[in-house]
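What follows is one structure encoded as structure tokens, with my remarks underneath.
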2 protein chains.
Amino acid sequence: MRDVAALADVSPKTVSRVINGEKYVSAEIVERVHAAMERLDYRHNLAASQLRAGTTSAAIGLILVDISNPFSSTLHRAVEDVFRTRGIAVLSASTDEDAARERAAVATFAARRVDGLIMMPASRDHSYLSADVRAGTHIVLIDRPPAFLNVDSVVSDNLGGAEAGVRHLISHGHRQIGFIGDWPEVVSSKLRYDGYRRALETAGIPIDDSLVARGFSSSADVEQTSRALLLRSDAPTALFVAQNALCAPVIRAIRAHGAHDRVAVVGFDGFEGADLVEPGLTVITQNPLRMGTLAAETLVQRMSGASTTPAMNHVLPTVLIERGSGELPGPFAA
Amino acid sequence: MRDVAALADVSPKTVSRVINGEKYVSAEIVERVHAAMERLDYRHNLAASQLRAGTTSAAIGLILVDISNPFSSTLHRAVEDVFRTRGIAVLSASTDEDAARERAAVATFAARRVDGLIMMPASRDHSYLSADVRAGTHIVLIDRPPAFLNVDSVVSDNLGGAEAGVRHLISHGHRQIGFIGDWPEVVSSKLRYDGYRRALETAGIPIDDSLVARGFSSSADVEQTSRALLLRSDAPTALFVAQNALCAPVIRAIRAHGAHDRVAVVGFDGFEGADLVEPGLTVITQNPLRMGTLAAETLVQRMSGASTTPAMNHVLPTVLIERGSGELPGPFAA
DNA sequence: GTGAAAGCGCTAACAT
DNA sequence: ATGTTAGCGCTTTCAC
């Protein structure tokens, strides 16, 4: 910047003015400074301006369980789109459901003075973030509600969605319904399980824990467990699959067992080709695009200081899409 | 930091030493400084240390066409994993094949003084990056080779993969083979088209441009175009689908036309449930995980200064996976 | 409209 | 093993 100022024969401050598009700079000098910047191949240093200007880094952090999960990457894209137009960079990190990795990511982002944080929490107690909140970092949690921390959040109606999915299976004559889900420690997963239980209880069907499988280490594990379930003498006539990444392996097991036109399935969010399998996978869909956009816009509001209303928990509705697999009749079909 | 130093009754420099884990600090003082940091809720400011220390921002930029595409998000995750263990943050951006957006992203990252850049270029001329290279930013291009710029790159064997896929269809008795691909301006897409042509030429089959559809604005567009192709009196007996995102819409069209056990299909990278459709989708697979890891490791080497060998273009092999759709016999089957 | 001086938070270089 | 001084590149404040 000194060099540019020297070449343009103005003060560094004036160069700064030109760069930041401040008013009250003569057109002629703007011209001259631009020429000098061009000639010297000048690149502005955001770190330096952030340092002096104090506050904002024009960056936010996005912490997800796994940025490569389709739900998460769609959400990520929505967040990017909101911030790109505002000149704000997005830093991202994956936790793999590890609370320690989450803390490490938060610390890294805090050291970079991100202005905001959008996070799908892996930890169960979010009170450790209160220090960051006090330091001025605005936080919006997604997919899972805040615990011991008062911040905005955007979640899907996990309980309601799961309940509707299982009720759907019941209404098609199923009573022996298996549950394949994520680790019970994960809040969204727990809520989906609660929805499953509630639907069964409402219908007066007793819970059979041996039909419930939760938490897997790999796709092979999911497939293996599903197969074991199908091989039982009192095998379930329907399966509720409570997470997107589990759907394909479960269907693989069902097809390997030759039971795809017999065992009903409803998935909580499916996969890209879910409408192309035979029968099509009936799903409870979430809206990751909306979740990302809403979380990002909420954060923008908070960051701009425009919104000082109490923290809010947005709950996005889920939608049941019938494609065939969830409508296979069970033994108690009317 | 001043405050921490005051509270611990040491100089700021000593606090700095403790934070950076430098040698020659007595255990007692380390203790005291840590206590003070804790009490004052101190957070280190990377921007400031970067400014003084000069060089490194401990961040890299990742520019993709669309971070929500499964290929890209898998690659993204691989890149993240390489850099996380090294304490380097990853900034990401999508271009949607828009060269202007690419330039904007590069400029943003340059202002943040990223130490490196991994980019799936949307632009066709990369010479504009030479200024950044001169400024010390190491660049690795992925998916598409560099043009007018001498940097490392990691790409798939697009031509060879496509040729193998089309040859596969020919060997199963097809001669009337359609091509559904991305915009011809996209280099990887062009290479896949070249592979298609080469396979046909090698087999002595004349190219019929009316069987070629390239560049779509939406999934509906893809589906519509595929349907039109299937409705022709001389409809293709096989389709080569040259991009992952196009596969599902094409299959949707084929199924809607009731031709899924008649029209053969080979996809260049499929989608998550591609093995579950009936028949399973035969694909030429790429290896986004390997591509991301290799690109990231190459960048790490360059950034560390350990590697000063000439820039290298890594070509990753593709693998044909037979699942049924590509083995449906054509009219000239043996 | 433009410039001079001071300082953001940190650390390299040089003491001690 | 610890402290002092100076300065990274920018922008705020105030002067002109």
Side-chain angles (χ1 to χ4, degrees), chain A residues 1-37 40-59 87 107-115 135-137, chain B residues 1-37 40-59 87 107-115 135-137:
Chain A
M1 183 140 156
R2 303 177 76 81
D3 304 335
V4 174
L7 182 60
D9 200 33
V10 294
S11 77
K13 173 63 210 181
T14 299
V15 175
S16 171
R17 275 193 257 263
V18 172
I19 288 166
N20 294 295
E22 280 177 45
K23 256 197 142 216
Y24 305 128
V25 195
S26 70
E28 188 222 327
I29 288 200
V30 170
E31 194 92 345
R32 235 161 59 209
V33 169
H34 274 136
M37 293 202 304
L40 297 178
D41 201 40
Y42 170 79
R43 4 217 82 199
H44 192 61
N45 188 333
L46 263 182
S49 63
Q50 176 196 343
L51 190 57
R52 175 66 233 208
T55 49
T56 165
S57 61
T108 305
F109 291 165
R112 288 174 193 276
R113 294 290 186 276
V114 293
D115 303 323
T137 313
Chain B
M1 181 141 154
R2 303 178 75 82
D3 304 334
V4 174
L7 181 60
D9 200 33
V10 295
S11 78
K13 174 64 207 181
T14 300
V15 176
S16 170
R17 276 193 256 263
V18 171
I19 288 166
N20 294 294
E22 279 177 45
K23 251 191 148 230
Y24 306 127
V25 194
S26 70
E28 188 221 328
I29 287 200
V30 170
E31 194 92 346
R32 241 167 49 215
V33 169
H34 274 135
M37 293 202 306
L40 297 178
D41 201 40
Y42 169 78
R43 6 216 79 200
H44 192 60
N45 187 334
L46 262 182
S49 64
Q50 175 196 341
L51 190 58
R52 174 65 233 208
T55 50
T56 165
S57 61
T108 305
F109 291 167
R112 289 175 192 277
R113 294 289 186 277
V114 293
D115 303 323
T137 312

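Just so it is clear, the values below take in all heavy atoms, side chains as well, and ignore hydrogens, waters and symmetry mates. In what follows, every chain begins at residue 1, and chains take the letters A, B, ... in the order their sequences are listed.
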Item to check | Residue mapping more 5' on DNA chain D - nearest nucleotide basis, A48(B) or E28(B) | outcome: E28(B)
Next on the checklist: On DNA chain D, compare the nucleotides closest to S26(B) and R2(A); which residue's is nearer the 5' end?
Outcome noted: S26(B)
Checklist outcome for this item: Against the side chain of V10(B), the closest entry in dC10(D), dG3(D), dC8(D) is dG3(D)
Checklist entry - Does S49(A) put a side-chain nitrogen or oxygen below 4.0 Å from OP1 or OP2 of dC10(D)? => result no
Checklist entry - In degrees rounded to 10°, what angle is found between the helical axes fit to the five outermost pairs at each end of the helix from dG1(C)-dC16(D) to dT16(C)-dA1(D)? => result 30°
Checklist entry - Would you say the side chain of M1(A) lies within less than 4.5 Å of the side chain of S16(A), judging by non-hydrogen atoms? => result yes
Next on the checklist: When you compare the side chain of P12(B) with that of V15(B), does any pair of heavy atoms fall below 4.5 Å?
Outcome noted: no
Item to check | Residues I19(A), Y42(A); criterion side-chain contact (heavy atoms from CB on, under 4.5 Å); working and verdict | outcome: CA-CA 11 Å; I19(A) 288 166; Y42(A) 170 79; 3.5 Å; yes
Whole-Å distance separating the [atom1] atom of [X] from the [atom2] atom of [N]:
X	N	atom1	atom2	result
E22(A)	dT13(D)	CD	C1'	12 Å
Y24(B)	dA1(D)	OH	P	7 Å
E31(B)	dA1(D)	CD	C1'	17 Å
N45(B)	dC8(D)	CG	C1'	13 Å

Checklist entry - What closest approach, in Å, do S57(B) and D115(B) show between heavy atoms, and which atom pair accounts for it? => result N-OD1, 3.1 Å
Item to check | Under 3.5 Å: donor-acceptor pair, side chain of R17(B), backbone of E22(B) | outcome: no
Checklist entry - When you measure from the side chain of R113(B) to the backbone N and O of H44(A), does any donor-acceptor pair fall under 3.5 Å? => result yes
Quick one: pull up [atom1] in [X] and [atom2] in [Y] and give me the separation to the nearest 0.5 Å.
X	Y	atom1	atom2	value
L51(B)	Q50(A)	CG	CD	10.0 Å
T56(B)	L46(B)	OG1	CG	9.0 Å
D9(B)	I29(B)	CG	CD1	9.0 Å
L7(B)	R32(B)	CG	CZ	9.5 Å

Checklist entry - When all nucleic acid strands are considered with a 4.0 Å heavy-atom cut-off, which category describes L46(B): base, sugar-phosphate, or nothing? => result nothing
Checklist entry - Got a sec? Which of residues 12-21 of chain A come in under 4.0 Å of DNA chain C, heavy atoms? => result K13(A), T14(A), R17(A)
Item to check | Outermost nucleotides of DNA chain C that come under 4.0 Å of a non-hydrogen atom of chain A | outcome: dG1(C) to dG9(C)
Next on the checklist: If you count heavy atoms of other groups shown closer than 6.0 angstrom to CD of E31(B), is the number above 12?
Outcome noted: no
